[in-house]
Amino acid sequence: MTNETDPSPDEATAPTLDALIGERRKKREELAARGIDPYPSRYDRTALADDLHVRHAGLEPDTRTGEQVKLAGRVTAVRRHGKLSFATLTDSSGSIQLLLQSSTLGDEAAAVLDAVDLGDWVGAAGEVITSRRGELSVDVTVLTLLSKALRPLPDKWHGLTETDTRYRQREVDLLANPDSRRVFDIRFKAIAAMRRHMESEHFVEVETPILQPQAGGAIARPFLTHANALDIELSLRIAPELYLKRLVVGGYERVFEIARNFRNEGVSTRHSPEFTALEAYRAFGDLTEGMDLTEALVVAAARESIGRFTVAFGDEEIDLTPPWPRLQLLDLLEERLGLRVHPTDDIGHLREVCARHGVTPLPEWGPGKLVFELYDQVLLPELLSPVLVCGFPVEVSPLARHTADDPTMADRFELCIVGREFANGYSELNIPEEQAERFEVSAAAKARGDVEAHPADQAFVRSLQYGLPPTAGIGIGIDRLIMLLAEVDAIRDVILFPMLRPEAAD
RNA sequence: GCGCCCCUAGCUCAACGGUGGAGCACCGGAUCCUUAAUCCGGAGGUUGGGUGGUUCGAGUCCCCCGGGGCGCACCA
């Protein structure tokens, strides 16, 4: 059975990665053999790296502060010089240099230093000093291993570039690539800022169903799933809108949800099947309050995530400083096209205008959709600075209230920046009969095979019959907003764990 | 869905169709103020997978499969 040419697993033909992991495992066992626990249960840190830089800025070289601190973080660099070593410790706040002298280090700490690898979590206790070259450091007397990293980290200088691995192993991306960390810091600061703003405006943050019997509130294809207990088909929500408005009916006059939405559609640089939107509803308001709130939220997000109101977009510099112009869609189109269009225009004429501007009309498009497409394909891409575009055709706004003096137009706005839509809002349609009629129209389209037509939602219509007060509603695309603020051009770069095909089993 | 491109050591990258290399990381040694430390030595490879094809010869050219990226279409 034994074949002499077959290498045994222990020999040097084992894969290199296994060898590297084996090396680190060996060091861990050696420490354990000396009675050092490689996985202690806790460490009482007293300072963060960045605190020390702030508190001890501008010290002369070779200063001893007398301040004793205990730091904890990952070892991200080691420079050994015989009896003197330097290491870089990185924690959530930043990095600081550790200075380790064999003369002042205890036996145990010296053993830890010998066995420490890049990526290990350590605790470092000692005095805050500056080195002879003037770098703020901690003169370590006790070095404690907090957790051994068995797998080697990516290149300390080049980091991790392969996008596949960056997305699949985001934790490695985050610890190896400072820019990745920067993007997500912006994301979560911006979301926190928006949440604080909503709270200061007395909005209540609520949770509505993600698993819904019928996905509504937007025009999109849902993901489908099955509930075993009830033996029913369910959809993952495409928007929280209908449930949030039902809460306004129920007396929550100001509600919002930071909602993960799911749309079973194309994946691209700007589309993720799973994305986040902030939706908010404010009773007694109309379009004006919706625009005020949208502007305030984006401004708060920018101020508290990046600390400025200018962002780069390609070669352009975009200024987000409020107030933003609020302009009528039909006026903007008139200016851009050189003629005034309206949903009551002859459909043949509108098709011709579309064709003239490079918009190919589909046969099922009504006049409102034609006007909307002129906006979407011709006007929108040219709106680089923030603009609140007001007044959209009712035909493409099935949940919005129609304008007082024009039944074919809705009191709806979109926020446009860098040629993209960032937010959408309207005065909510609260007349039950009118909502029911609009549902009938779209349900008929659905019955004809339009998979994206909005389904009729009787529970929602019944809710409106109890009375929805005049209400302003908005939705802000969080992922795209973060892309704008962080100046990245792939939506996957602002989503921690984007949807990918499963890794191969091997 | 369609088109184009990418996949080489743990990481970052080289290699005209002609013996698969380097830097970092790793291992051994030297080094008491370094900071992408340095110096000496060493080890590390099924070139994403294919007992598919062409060729005297394939990491390289062709085909199939897998994964990813970008562009177009749908969508926010």
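Heavy atoms only: backbone and side chains are in, while hydrogens, waters and symmetry mates are out.
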Of the listed nucleotides (B:G23, B:A76, B:U35), which one gets closest to any side-chain atom of A:Glu135? B:U35
Nearest to the side chain of A:Leu500, heavy atoms from C-beta on, is which of B:C11, B:G68, B:C33? B:G68
Can you tell me which nucleotide in B:U35, B:G10, B:A76 comes closest to the side chain of A:Ser131? B:U35
Go through RNA chain B and write down every stem, that is, every run of at least three consecutive Watson-Crick or G-U wobble pairs with distances under 3.5 Å, as range with range. B:1-7 with B:66-72, B:10-13 with B:21-24, B:26-30 with B:38-42, B:48-50 with B:63-65
What interatomic distance, in whole Å, is found between C1' of B:A15 and the corresponding atom of B:A9? 15 Å
Counting heavy atoms from C-beta on, name the nucleotide in B:G71, B:A25, B:U35 closest to the side chain of A:Thr269. B:G71
Heavy atoms from C-beta onward define the side chain here; which of B:A36, B:G10, B:U31 lies closest to that of A:Pro152? B:G10
P spacing across the pair B:U46 / B:A37, given as an integer number of angstrom: 29 Å
How many Å lie between CG on A:Asp493 and C1' on B:C70, as a whole number? 13 Å
How would you label the contact of A:Gly477 with the nucleic acid (heavy atoms, under 4.0 Å): base, sugar-phosphate, or nothing? nothing
Proximal nucleotide (of B:U12, B:C32, B:A76) relative to the A:His158 side chain: B:U12
With rounding to whole Å, what would you report as the distance between B:C6 and B:G48 at their C1' atoms? 11 Å
Looking at the side chain of A:Arg480, which of B:C33, B:A76, B:U12 is the nearest nucleotide? B:A76
Give a yes or no on this: more than 12 heavy atoms of other residues, nucleotides or ligands lie within 6.0 Å of atom CZ of A:Arg182. yes
Taking the P atom of each, how far is B:U19 from B:G57, in whole Å? 15 Å
Partner of A:Val138 under side-chain contact (heavy atoms from CB on, under 4.5 Å), chosen from A:Leu52, A:Leu99, A:Ile129: A:Leu52
Under 4.0 Å between a side-chain N/O of A:Arg80 and OP1 or OP2 of B:U31, yes or no? no
Are OP1 or OP2 of B:G10 and a side-chain N or O of A:Arg151 less than 4.0 angstrom apart? no
Tell me if a side-chain donor or acceptor on A:Glu395 pairs with a main-chain N or O of A:Gly368 at a distance below 3.5 Å. yes
A:Leu20 side chain, from C-beta outward: closest of B:G10, B:U31, B:U35: B:G10
At under 4.0 Å between heavy atoms, what does A:Glu23 touch on the DNA or RNA strands: base, sugar-phosphate, or nothing? sugar-phosphate
Are A:Arg412 and A:Phe392 in a cation-pi setup, meaning NZ or CZ lies under 6.0 angstrom from the ring centre and within 45 degrees of the ring axis? yes
Rounded to whole angstroms, how far apart are CG on A:Leu17 and P on B:G48? 17 Å
Closest heavy-atom contact between A:Gln214 and A:Asp457? NE2-CA, 3.6 Å
Which one, B:U35, B:U12, B:G67, comes nearest to the side chain of A:Arg168? B:G67
Does B:U12 have its OP1 or OP2 closer than 4.0 Å to a side-chain nitrogen or oxygen of A:Thr161? yes
For residues 274-282 of chain A, which side-chain N or O atoms pair as donor and acceptor with protein atoms under 3.5 Å away, sequence neighbours left out?
from, atom 1, to, atom 2, distance (Å)
A:Glu274, OE2, A:Arg260, NH1, 2.5
A:Thr276, OG1, A:Arg187, NH2, 3.4
A:Glu279, OE1, A:Glu241, N, 3.3
A:Glu279, OE1, A:Tyr281, OH, 2.8

Sugar-phosphate only, base, or nothing, as touched by A:Asp155 at under 4.0 Å among non-hydrogen atoms: base
Taking the P atom of each, how far is B:C40 from B:A25, in whole Å? 15 Å
When the P atoms of B:C27 and B:G17 are considered, how many whole Å apart are they? 38 Å
Answer with base, sugar-phosphate or nothing: what part of the nucleic acid does A:Lys156 contact at a heavy-atom distance below 4.0 Å? sugar-phosphate
Verify stack between A:Phe275 ring and B:A76 base, 5.5 Å, 30 degrees: yes
Starting the side chain at C-beta, find the nucleotide from B:C26, B:U12, B:A76 nearest to A:Leu160. B:U12
